[in-house]
Amino acid sequence: MTMGNDTTITAELYAYMLAHNPPLGPVQRELVETIYARFPDHAGMQSAEEQAPLLAFLVRLVGARHVVEVGTFTGFSALAMARALPADGTLIACDISQEWTAYGREAWEKAGVADRIDLRIAPALDTLRAMPEEPHIDFAYLDADKGGYIAYWEELVPRMRQGGVIATDNVLFHGEVTNPEASGPAAAIQEFNDHVKADPRMDSVMLTVSDGLTLSRKK
């Protein structure tokens with residue numbers, strides 16, 4: 001096996017990359033800083049800063065009007081995607097926490113996109129299964145409990161329209177996916193990655209973005 005690029009991402013290089021990406025809006029920046037200041041032990045659950053412009057780019061790239069997010073946490077990623085939607089676009093955000101998503105609700109209101117986000121506080125499987133079964137989703141972002149990834153995938157894929165894209169976060173799971181003795185969430189991600197690779201309905205590519213991001217396109 002040959003490695004095509006052995007670039008080490010230093011703090012300086014990471015800052016350089018962020019500086020050459022679209023900047024976060026003031027509400028996005030405020031949300032990031034608030035969560036890191038108040039909840040440093042949980043801030044790592046928030047999507048990485050560079051993922052916000054990437055998700056917005058992907059939403060625009062596929063011309064999405066119907067977006068589904070599984071796992072919303074503090075609403076940072078939902079805010080990025082909602083800002084990229086047209087005025088009549090809708091993002092259904094699935095989460096079970098009123099506490100964490102309250103930060104998102106406040107940010108969405110400040111950013112003027114709250115009318116585009118339909119937050120549904122319930123088990124995500126229940127929310128997904130209640131959606132129309134025909135293909136209608138343009139873009140989906142999967143970033144929730146790792147043990148549920150395959151179940152969420154199996155509800156999302158049939159509902160994706162042809163050419164629709166699913167972006168799945170944490171597919172490298174802090175590097176633990178290479179551990180043959182992995183257990184818990186890491187083992188669940190191993191199983192999910194194999195499941196996605198073998199799914200003939202989707203074209204998928206795994207990227208080393210943040211903690212690993214897989215992009216999957218409905219055939």
(request) With sequence neighbours left out, write down each residue that passes salt bridge (charged side-chain N to carboxylate O under 4.0 Å, His left out) with Asp203, or none if nothing qualifies. (result) Lys219

(message) Rounded at 0.5 Å granularity, tell me how far OG1 in Thr74 sits from CD in Glu106.
(response) 11.5 Å

(request) Taking side chain to side chain contact (heavy atoms under 4.5 Å, CB included) as the test, write out the residues that go with Ala93, two or more places apart. (result) Glu69, Thr72, Leu91, Ile117, Leu119

(request) Flag yes if Val205 and Val62 sit in one hydrophobic cluster, no otherwise; membership is Ile, Leu, Val, Met, Phe, Trp, Tyr, and two members link when side-chain heavy atoms are under 4.5 Å apart. (result) yes

(request) Let me see the working for Glu109 and Arg105 under salt bridge (Lys or Arg N to Asp or Glu O under 4.0 Å), right down to the final yes or no. (result) CA-CA 6 Å; Glu109 288 286 351; Arg105 287 182 184 272; over 6 Å; no

(message) If you compare all heavy atoms of Val68 against all heavy atoms of Cys94, which two are closest, and at what distance to 0.1 Å?
(response) CG1-SG, 4.4 Å

(request) Show your working on side-chain contact (heavy atoms from CB on, under 4.5 Å) between Tyr141 and Leu55 and close with a plain yes or no. (result) CA-CA 8 Å; Tyr141 182 45; Leu55 289 170; 3.8 Å; yes

(request) Side-chain contact test, heavy atoms from C-beta onward, threshold under 4.5 Å: evaluate it for His66 versus Arg161 and give yes or no. (result) no

(message) What's the separation between atom CG in Asp115 and atom OG1 in Thr90, rounded to the nearest 0.5 Å?
(response) 8.5 Å

(request) Output the distance between atom CE (Met202) and atom CG (Leu156), rounded to the nearest 0.5 Å. (result) 8.5 Å

Listed pairs under 3.5 Å, donor-acceptor, residues 180-196 side chains, sequence neighbours left out:
from: Gln190; atom 1: NE2; to: Val177; atom 2: O; distance (Å): 2.8
from: Gln190; atom 1: NE2; to: Asn179; atom 2: O; distance (Å): 2.8
from: Asn193; atom 1: ND2; to: Val171; atom 2: O; distance (Å): 2.9
from: Asn193; atom 1: ND2; to: Ile189; atom 2: O; distance (Å): 3.4
from: His195; atom 1: NE2; to: Glu154; atom 2: OE2; distance (Å): 2.7

(request) Drop me the distance from Glu155's CD to Ile137's CD1, to the nearest 0.5 angstrom. (result) 10.0 Å

(message) Do Leu207 and Phe173 sit in one hydrophobic cluster, given that two such residues count as connected whenever their side-chain heavy atoms are within less than 4.5 Å of each other, even indirectly?
(response) no

(message) So which atom in Ala48 and which in Phe76 form the shortest heavy-atom distance, rounded to 0.1 Å?
(response) O-CE2, 3.8 Å

(message) I want to check something: taking the side chain as every heavy atom from C-beta on, are Ser204 and Asp199 in contact at a cut-off of under 4.5 Å?
(response) no

(request) Report the C-alpha separation of Arg159 and Glu134 in whole Å, then their side-chain angles, then the decisive distance to 0.1 Å, and conclude whether the side-chain contact (heavy atoms from CB on, under 4.5 Å) test is met. (result) CA-CA 6 Å; Arg159 293 173 169 84; Glu134 68 270 11; over 6 Å; no

(message) Given 3.5 Å as the limit, does a donor-acceptor pair link the side chain of Arg201 with the main chain of Val157, or not?
(response) no

With a 3.5 Å cut-off and sequence neighbours excluded, list the donor-acceptor pairs that the side chains of residues 12-27 form with protein atoms.
from: Tyr14; atom 1: OH; to: Glu50; atom 2: OE1; distance (Å): 2.4
from: His20; atom 1: ND1; to: Tyr16; atom 2: O; distance (Å): 2.9

(message) Tell me the closest heavy-atom pair linking Met160 and Val165, and the distance in Å.
(response) CE-O, 3.4 Å

(request) Of all the heavy-atom pairs spanning Arg65 and Pro86, show the shortest one and how long it is. (result) CG-CG, 3.9 Å

(message) Using 0.5 Å steps for rounding, measure from the CG atom of Leu61 to the CZ atom of Phe139.
(response) 9.5 Å

(request) Establish whether Met206 and Leu142 are linked, either directly or via other cluster members, by ILVMFWY side-chain heavy-atom contacts under 4.5 Å. (result) yes

(message) Less than 4.5 Å apart, side chain to side chain, heavy atoms only: is that true for Tyr152 and Asp145?
(response) yes

(request) State which residues pass salt bridge (charged side-chain N to carboxylate O under 4.0 Å, His left out) with Lys197; sequence neighbours excluded, sorted by chain then number. (result) none

(message) Please give me the minimum heavy-atom distance between Gly75 and Leu31, naming the atom from each residue.
(response) C-CD2, 4.0 Å

(message) I'd like to check Val67 versus Arg116 (side-chain heavy atoms, cut-off strictly below 4.5 Å). Are they in contact?
(response) no

(message) Taking Trp100 as the starting point, is it possible to reach Leu79 by hopping between hydrophobic residues whose side chains are less than 4.5 Å apart?
(response) no

(message) Main chain of Leu172, side chain of Asp211: is a donor-acceptor contact present, judged purely on distance under 3.5 Å?
(response) no

(request) Drop me the distance from Thr34's OG1 to Tyr103's OH, to the nearest 0.5 angstrom. (result) 8.5 Å

(request) Establish, yes or no, whether a centroid distance under 6.0 Å links the rings of Phe73 and Phe39. (result) no

(request) Quick one: list whatever passes salt bridge (charged side-chain N to carboxylate O under 4.0 Å, His left out) with Asp118, sequence neighbours left out. (result) Arg120

(request) Kindly give the heavy-atom pair with the smallest separation between Thr127 and Ala122, and that separation in Å. (result) OG1-CB, 3.9 Å

(message) Val113 vs Lys110, test: side-chain contact (heavy atoms from CB on, under 4.5 Å). Steps then yes/no.
(response) CA-CA 8 Å; Val113 296; Lys110 286 183 179 179; over 6 Å; no

(request) May I ask whether Met131 and Ile166 are part of the same hydrophobic cluster, defined by side-chain heavy atoms of I, L, V, M, F, W, Y residues being less than 4.5 angstrom apart, directly or through others? (result) yes

